[in-house]
Engineer: 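What follows is a structure written as structure tokens; I'll ask about it next.
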Amino acid sequence: MTVKSVKLNNGMSMPEIGLGTWKANETGVLAETVKKAVELGYRHIDCAKIYNNQCEIGKALKEVDVPRDELFIVSKIFQNKHRPELVPGAVDEILGELGIEHLDLLLMHWPYALVPEQDTADFAAKDLENVPIMDTWKAMEAMVDQGKVRSIGVSNFNKKILEKMLPQCRIKPVTNQVEVHPYNPEHELVKYCQQQGIVVTAYCPLGGGAINVMNDDFIKRIADAHSCTPAQVSLSWLLARGIVVIPKSNHEVRLKQNLHTVTLTSDEVRMIGQIKARERKVDPSRDIKELKWIFHEDEAECPLI
Ligand SMILES: NC(=O)c1ccc[n+]([C@@H]2O[C@H](COP(=O)([O-])OP(=O)(O)OC[C@H]3O[C@@H](n4cnc5c(N)ncnc54)[C@H](OP(=O)(O)O)[C@@H]3O)[C@@H](O)[C@H]2O)c1
């Protein structure tokens with residue numbers, strides 16, 4: 001199965017369906033999952049330092065029967081490496097864990113910094129530190145210059161941050177990876193990114209296993225009409241909007257299913273976008289009120305660009 005690719009604003013191509021890997025090693029089978037996924041046709045693998053599983057993915061990458069230049073490997077800098085002087089070491093560490101010479105895409109995982117000592121995702125307001133986003137971004141641009149990274153992008157960036165950031169970028173972000181699914185359609189942000197030539201990548205494209213998208217009655221009705229599953233409807237709806245998807249699964253049958261999307265009618269695409277239920281899985285501002293500006297930009301201003 002060959003997955004179609006989207007063109008990025010730097011001329012590179014990114015497969016429109018990738019493999020998510022967050023919490024993918026909880027059953028200890030991640031290396032097998034990655035090998036199976038590549039065998040099935042996945043070429044885009046979404047990793048992150050904070051997922052603590054890149055060594056496992058690296059082991060699998062050594063064993064897959066596909067040349068490196070056919071793979072699109074993504075990873076993300078954790079917030080405790082935002083100081084510009086820490087970025088090169090963070091990239092080297094990611095490359096070392098994955099056992100590769102370059103990343104196809106490096107993302108700034110979140111638009112805020114944590115103190116260097118904070119190396120888990122379990123943090124408090126006291127662990128935040130002031131590092132301007134552009135300082136980190138310039139250090140990421142230097143990684144492209146050095147060839148360690150082919151392209152750079154952002155994740156969890158809202159429209160206001162992008163509006164301030166984009167005029168200052170020497171290298172434009174190729175993607176903004178954000179939570180998008182039928183219960184969090186992000187109409188305005190997606191439209192803005194696409195107008196700017198920034199591809200949106202949807203994380204939690206199935207609702208992340210926590211949100212009721214897979215059991216939504218309307219999604220189920222559309223799935224029945226297409227003789228497919230609610231997961232396939234959600235992914236097909238995102239792809240129809242020009243959004244790249246990175247579903248995670250440890251099950252072969254689902255890995256396969258998630259590659260086989262369907263063509264929805266334009267009415268179905270519009271109506272799924274009008275589902276009233278709204279729910280976001282990932283929102284650090286639920287615990288840390290200092291981060292309120294991240295997903296509630298009308299209520300609080302992003303402090304540092
Ligand atoms: N940038 C960020 O801040 C950020 C945040 C969150 C996630 N991400 C990335 O985005 C990826 C995807 O998000 P996610 O893993 O949170 O959620 P997701 O892909 O929306 O959902 C994964 C859940 O859905 C299940 N599933 C997979 N395929 C299915 C199918 N065909 N039918 C029914 N259930 C299915 C999986 O279970 P099984 O594994 O048991 O099949 C798992 O419980 C992550 O893995 C990570 O790479 C990035």
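Ligands are counted one by one from 1 in listed order, and the atoms in each one are counted from 1 as well. Basis for what follows: all heavy atoms, side chains included, without hydrogens, waters or symmetry-related copies.
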Engineer: Please assess Asp104 against His44 for the test side-chain hydrogen bond (donor to acceptor under 3.5 Å, both in side chains), listing each intermediate value before the final yes or no.
Structural biologist: CA-CA 9 Å; Asp104 297 281; His44 166 176; over 6 Å; no
Engineer: Quick test of your reading of the structure: of Gln177, His260, Gln232, Lys23, whose heavy atom lies closest to atom 48 (C) of ligand 1?
Structural biologist: Gln177
Engineer: For ligand 1, which atoms, with element, lie under 4.0 Å from some heavy atom of Asn250?
Structural biologist: 38 (P), 39 (O), 41 (O)
Engineer: Which atoms of ligand 1 sit under 4.0 Å from any heavy atom of Gly207?
Structural biologist: 20 (O)
Engineer: Report the part of Val178 in contact with ligand 1, treating N, CA, C, O as backbone and CB onward as side chain, heavy atoms under 4.0 Å; options are side chain, backbone, both, neither.
Structural biologist: neither
Engineer: What part of Pro205, side chain, backbone, both or neither, has a heavy atom within less than 4.0 angstrom of ligand 1?
Structural biologist: both
Engineer: Salt bridge check: are Lys160 and Glu297 linked by an N-O gap of less than 4.0 Å?
Structural biologist: no
Engineer: If you count heavy atoms of other groups shown closer than 6.0 angstrom to NZ of Lys256, is the number above 12?
Structural biologist: no
Engineer: Is a salt bridge present between Lys248 and Asp46, judged by a nitrogen-to-oxygen distance below 4.0 Å?
Structural biologist: no
Engineer: For Lys49, which of Glu97, His109, Gln54 qualifies under side chain to side chain donor-acceptor pair (under 3.5 Å)?
Structural biologist: Glu97
Engineer: Is there a polar contact between ligand 1 and Ala231, counting only N or O atoms under 3.5 Å apart?
Structural biologist: no
Engineer: For ligand 1, is there an atom lying under 4.0 Å from some heavy atom of Thr229?
Structural biologist: no
Engineer: Nearest to atom 6 (C) of ligand 1, what protein heavy atom do you find, and at what distance?
Structural biologist: Tyr203 CD1, 3.3 Å
Engineer: Which atoms of ligand 1 have any heavy atom of Pro247 under 4.0 Å away?
Structural biologist: 19 (O)
Engineer: Compare all side-chain heavy atoms of Ile45 with those of Val74 and state whether any distance is below 4.5 angstrom.
Structural biologist: no
Engineer: Given Met108, Lys256, Lys281, Arg254, which one has a non-hydrogen atom that is nearest to atom 25 (C) of ligand 1?
Structural biologist: Arg254
Engineer: Which distance, rounded to the nearest 0.5 Å, do you find between the CG of Asp216 and the CD1 of Ile211?
Structural biologist: 12.0 Å
Engineer: Of the side chain and backbone of Ser249, name the one, both, or neither that has a heavy atom under 4.0 Å from an atom of ligand 1.
Structural biologist: both
Engineer: Please determine if His251 has a nitrogen or oxygen closer than 3.5 Å to a nitrogen or oxygen of ligand 1.
Structural biologist: yes
Engineer: Which ligand 1 atoms does His109 reach within 4.0 Å, using its non-hydrogen atoms?
Structural biologist: 1 (N), 2 (C), 3 (O)
Engineer: In Å, rounded to the nearest 0.5 Å, how long is the span from CE of Met140 to CD1 of Ile133?
Structural biologist: 11.0 Å
Engineer: Please work out which of Asn258, Val29, Thr21, Asp46 has its closest non-hydrogen atom nearest to atom 28 (N) of ligand 1.
Structural biologist: Asn258
Engineer: Could you identify the single nearest non-hydrogen protein atom to atom 44 (C) of ligand 1 and state the distance to 0.1 Å?
Structural biologist: Trp22 CB, 3.6 Å
Engineer: May I ask you to identify the nearest protein heavy atom to atom 43 (O) of ligand 1, giving residue, atom name and distance to one decimal place in Å?
Structural biologist: Gly209 CA, 4.1 Å
Engineer: So which of Arg280, Arg241, His181 actually passes side chain to side chain donor-acceptor pair (under 3.5 Å) with Glu186?
Structural biologist: Arg280
Engineer: Ligand 1 and Met214, any nitrogen or oxygen pair closer than 3.5 angstrom?
Structural biologist: no
Engineer: Please report which non-hydrogen protein atom sits nearest to atom 17 (O) of ligand 1, along with the residue it belongs to and the distance in Å to one decimal place.
Structural biologist: Gly208 CA, 3.1 Å
Engineer: Looking only at non-hydrogen atoms, which of Asn156, Ile211, Ile246, Leu19 approaches atom 12 (C) of ligand 1 most closely?
Structural biologist: Ile246
Engineer: If you take the nearest heavy atom of each of Asn176, Leu206, Leu259, which one is closest to atom 26 (N) of ligand 1?
Structural biologist: Leu206
Engineer: Quick one: are the ring centres of Phe78 and Tyr51 less than 6.0 Å apart?
Structural biologist: no
Engineer: Gln257 heavy atoms, cut-off 4.0 Å: which ligand 1 atoms fall inside?
Structural biologist: 30 (C), 31 (N), 32 (N)
Engineer: Decide yes or no for Met165 and Pro111: does some side-chain heavy atom of the first lie under 4.5 Å from some side-chain heavy atom of the second?
Structural biologist: no
Engineer: Any Lys/Arg nitrogen of Lys148 or Asp92 sitting under 4.0 Å from an Asp/Glu carboxylate oxygen of the other?
Structural biologist: yes
Engineer: Quick one: does Cys204 get an N or O within less than 3.5 Å of an N or O on ligand 1?
Structural biologist: yes
Engineer: I'd like to know whether Ser234 forms a side-chain hydrogen bond (donor to acceptor under 3.5 Å, both in side chains) with Gln232, so could you lay out the CA-CA distance, the side-chain angles of the two residues, the decisive distance to 0.1 Å, and finally the verdict.
Structural biologist: CA-CA 5 Å; Ser234 189; Gln232 288 167 308; over 6 Å; no
Engineer: SG/Cys55 to CG/Leu98 distance, rounded to the nearest 0.5 angstrom?
Structural biologist: 8.0 Å
Engineer: Applying a 4.0 Å heavy-atom criterion (strictly less than), which segment of Lys248 is in contact with ligand 1: side chain, backbone, both, or neither?
Structural biologist: both
